[in-house]
Amino acid sequence: MRASLVLSRRDLDFLLHEWLEVETLAKRPRFAEHSRETIDAVIDLASRIAVEHFAPHNRTADEHEPHVVDGRVQLVPEVAAALRVFADAGLAAGTLDEELGGMQLPQVVAKAVTTWFQAANIGSSAYPFLTMANAHLLVAHASPEQVQTYVPPMAEGRWFGTMALSEPQAGSSLADITTRAELQDDGTYRLTGTKMWISGGDHELSENIVHLVLAKVPGGPAGVKGISLFIVPKHLVADDGSIGERNDVVLAGLNHKMGYRGTTNTLLAFGEGVHTPGGRPGAVGYLVGEQHRGLTYMFHMMNEARIGVGLGATALGYTGYLHALDYARTRTQGRPVTGKDPAAAPVAIIEHADVRRMLLASKSYVEGGLALGLYCARLVDEEQTAEDAADRERAHTLLEVLTPIAKSWPSQWGLVANDHAIQVHGGYGYTRDFPVEQFYRDNRLNPIHEGTHGIQGLDLLGRKVVMGGGAGLRVLAEAIAATTTRAAGTDWADLAADLDALTADLVRVTATLWSAGDVDVTLANASVYLEAAGHVVVGWLWLEQVLAAEGSTGDFYDGKRQAARYFQRWELPRVRPQLALLESLDTTVLRMDTGWF
Amino acid sequence: MNIVVLVKQVPDSGSERKLDSSDNTVARASADNVINEMDEYAIEEALTVKESQGGEVTVLTVGPGSATDAIRKALSMGADKAVHVTDDAVHGSCAVQTSAVIAAALQQLEYDLVLCGAESTDGQVSVMPALLSERLGIPHLSGARKLTVEGTTVRVERQTDGGYWMLESSLPAIVSTWDTINEPRYPSFKGIMAAKKKPVETKSLADLGVDPASVGLATATSRVLDFAGRPPKGEGVKVADEGDGAEKLVGYLAAQKLV
């Protein structure tokens with residue numbers, strides 16, 4: 001296959017097979033039906049559909065964003081056509097149990113599949129991935145009857161799903177949501193309120209839309225402890241599974257975004273009486289699990305969702321990098337510093353050192369980000385299917401501590417790769433004649449949604465590294481040490497030594513931060529902590545990659561080694577000043593009076 | 001309705017393809033090998049006929065061990081079983097020799113209809129269906145853009161430059177298909193998993209009763225004597241626009257007989 005500008009199959013194969021050895025998962029009962037053959041065939045299928053049906057309308061969907069005609073959301077027809085192909089291929093059901101129509105695909109393979117679609121067209125791919133997250137939550141927490149009603153149609157790609165958490169006045173702070181859910185005599189609930197930023201909230205792409213809605217039952221505890229989770233379908237479902245009455249949830253408006261334009265983003269109104277199911281207003285909802293535990297159920301899905309956002313950020317950075325690389329190889333401009341003869345033919349811009357600097361930086365970010373995302377997805381498989389309970393527990397702890405990094409690091413550095421891709425294109429990169437500007441706009445969402453960068457910093461420093469008496473950070477340090485030990489006697493001993501030293505510094509600085517005696521001081525610079533820890537983690541995964549490439553020769557492996565060297569020489573040195581700032585318990589930002597701005 | 005589809009694994013036409021300089025045969029070991037793109041249309045057509053008429057679709061390939069990838073692809077699209085003829089002696093065979101091997105394999109199968117792509121993208125000799133027709137003594141309907149089966153009769157629309165011919169024959173017959181005949185389906189997730197369990201029978205020349213000395217490069221009826229890469233792209237022609245750019249451009253295109 002001609003090298004794709006969507007994603008690198010070669011890199012994916014290296015990471016999945018040569019590094020993560022995903023084929024070994026087939027020894028576990030849940031994955032016994034899988035093999036190298038089926039894994040490769042599934043990725044072949046995904047890459048082909050992504051390239052042939054999703055990438056071609058990426059620009060079209062961006063240029064013709066969703067709009068409302070006679071109360072119905074209109075999208076370019078290519079979106080529905082691509083999603084039909086996706087569903088017909090059975091890709092919507094990847095990791096679900098066979099009995100629910102799924103294929104019990106390992107998470108790490110499923111994430112490799114989704115990365116293809118995210119790189120090809122982040123807007124259109126959001127619909128099935130939101131649906132899968134919705135279905136996974138139901139499988140984990142809903143009643144067997146609810147699972148049977150809602151999950152198979154979603155697995156078949158006939159119904160889509162959403163996550164309705166935020167409200168106009170309450171985004172990051174869910175404690176302040178005001179949507180109410182009142183218990184009815186028949187055990188159902190009636191919801192009233194508005195939900196904001198709901199991706200996929202309304203459209204004509206599917207027969208039904210299953211909203212998972214956070215709301216408060218009157219009389220419950222205040223704050224997040226009073227939040228419950230409800231299934232609110234756009235159309236009520238009859239006992240035989242057929243589409244029934246229209247529920248009282250309606251589109252109140254579309255948000256017009258900088259990127260991700262193929263994904264409808266909506267303000268939804270619940271219980272306004274536009275429709276009257278059962279003869280009266282109020283959106284009919286069905287409680288998932290127990291009252292007041294809604295946020296706990298949502299958080300169950302957070303690791304998976306956050307890894308998915310991180311991989312989406314990597315995917316956009318990756319495709320931007322590949323486009324920039326292709327452009328730099330073919331665009332001629334200028335002559336070498338040492339050969340300025342105007343009669344000589346101009347060289348491809350990749351011949352200029354500064355262009356290679358941007359490409360190499362981008363390569364280190366996107367390949368590092370892909371390694372990070374797939375490593376975390378592999379941990380999900382370990383957490384769920386490792387034979388030994390201690391291994392499952394260890395995987396769980398490591399995943400907990402890595403999740404904020406897996407979400408935020410690619411969101412930050414994948415975006416830098418997109419920035420470099422524009423720069424490599426020069427003036428053309430700033431025009432709409434080339435796709436790199438769209439990749440940048442699309443990727444700009446990722447540091448914001450699914451927990452902002454700032455919230456991820458608070459999660460890492462405030463919660464994850466100190467949970468279980470510091471078990472999170474301890475397990476991470478052990479994992480890094482296990483790799484650096486393997487590097488002894490190789491060409492990478494110096495990188496291993498750098499990582500050992502930085503890890504020790506990170507552990508020490510963490511203790512210093514928590515000894516401040518004032519949690520405001522401890523957490524004031526949490527975003528810096530997140531970035532420093534992120535670079536150490538990705539440096540570690542670069543060491544992992546070059547150790548997996550030991551003894552292998554050829555351009556691909558030499559490229560891996562040079563990117564690892566770049567990360568060591570150019571990127572890891574960023575960490576020490578960050579750690580020094582943190583260790584000084586700097587309060588410059590904290591003490592900045594709001595009136596002084 | 002038993003349908004046999006001929007499938008070949010070829011170097012990806014989208015990648016750089018090479019000949020092996022030691023014997024001037026296609027360098028398969030180092031290539032990015034895929035199922036011959038044209039064969040996917042034949043598979044799709046076979047599956048469509050099976051869906052309306054019932055029966056079984058068998059995939060038949062001649063090729064090295066790695067050709068199982070092409071077989072699995074066909075099985076994951078929905079074919080029922082496969083026969084893989086693999087034997088080192090076949091290496092370097094010409095179309096005439098290969099047709100003898102395929103014909104021998106077909107004679108061991110029950111078939112009503114044999115389908116194949118119009119050509120393979122590596123050799124592009126495009127004579128296999130005609131050779132098989134001759135060897136098996138069955139009708140050959142080439143270049144189909146449409147195919148229908150009624151009872152023991154097959155009808156095809158043969159695509160031509162100016163339109164089409166309507167052809168008809170009795171079954172069994174061999175039909176080669178163009179890429180205008182259908183839109184091949186993707187393998188499905190379920191199909192990929194099911195393909196693992198579908199039977200693939202491996203046969204050697206001995207199993208087919210073919211004399212190894214009758215095939216292979218040494219006795220091939222045609223062989224590649226020499227080859228060269230495509231010449232590097234030359235410098236383009238620059239047209240300086242001094243107010244007459246369009247005129248010059250049209251003049252250039254006309255001189256090249258492009259307009």
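Only this structure's heavy atoms are used, side chains among them; waters, hydrogens and symmetry mates stay out. Below, chain A is the first sequence line, B the second, and so on; all start at residue 1. Since the structure is predicted, the reported quantities are computational estimates derived from the model, not experimental observations.
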Considering only heavy atoms, which portion of [X] lies under 4.5 Å from any heavy atom of chain B: side chain, backbone, both, or neither?
X	answer
A:Leu105	side chain
A:Leu91	both
A:Glu33	both
A:Asp40	neither

Enumerate by number any residue of residues 187-199 of chain B whose heavy atoms lie under 4.5 Å from heavy atoms of chain A; in the absence of such residues, state 'none'.
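Expected list: B:Pro187, B:Ser188, B:Phe189, B:Lys190, B:Ile192, B:Met193, B:Lys196, B:Lys197.
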
Tell me whether A:Arg48 is salt-bridged to A:Asp44, with the criterion being a basic N under 4.0 Å from an acidic carboxylate O.
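Salt bridge absent between A:Arg48 and A:Asp44.
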
Which one of A:Gly101, A:Gly90, A:Ala93, A:Ala345 has the most heavy-atom pairs closer than 4.5 Å to chain B?
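When all of A:Gly101, A:Gly90, A:Ala93, A:Ala345 are compared, A:Gly90 has the most.
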
Hey, which of A:Val85, A:Val42, A:Asp88 has the most heavy atom pairs under 4.5 Å with chain B?
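The answer is A:Val42.
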
Pair A:Arg28-A:Thr385, side chain to side chain donor-acceptor pair (under 3.5 Å): steps then yes or no:
CA-CA 7 Å; A:Arg28 298 182 183 169; A:Thr385 66; 2.9 Å; yes

Hey, mind stepping through B:Gln159 and B:Thr180 against side chain to side chain donor-acceptor pair (under 3.5 Å) and telling me if it holds?
CA-CA 9 Å; B:Gln159 186 172 308; B:Thr180 45; 2.5 Å; yes

Nearest 0.5 angstrom please: B:Ser120 OG to B:Met128 CE, how far?
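Result: 8.0 Å between the selected atoms.
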
Let me know which of B:Val83, B:Ile71, B:Val5, B:Val114 forms a side chain to side chain contact (heavy atoms under 4.5 Å, CB included) with B:Leu60.
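Only match with B:Leu60 under side chain to side chain contact (heavy atoms under 4.5 Å, CB included): B:Val83.
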
Under the ring pair (Phe, Tyr, Trp, His ring centres under 6.0 Å) criterion, do A:Phe117 and A:Phe86 qualify, and how do the steps go?
CA-CA 10 Å; A:Phe117 290 96; A:Phe86 182 92; 4.9 Å; yes

Do you know which of B:Gln9, B:Arg28, B:Arg17 makes side-chain hydrogen bond (donor to acceptor under 3.5 Å, both in side chains) with B:Asp122?
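In the set B:Gln9, B:Arg28, B:Arg17, the residue that makes a side-chain hydrogen bond (donor to acceptor under 3.5 Å, both in side chains) with B:Asp122 is B:Arg28.
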
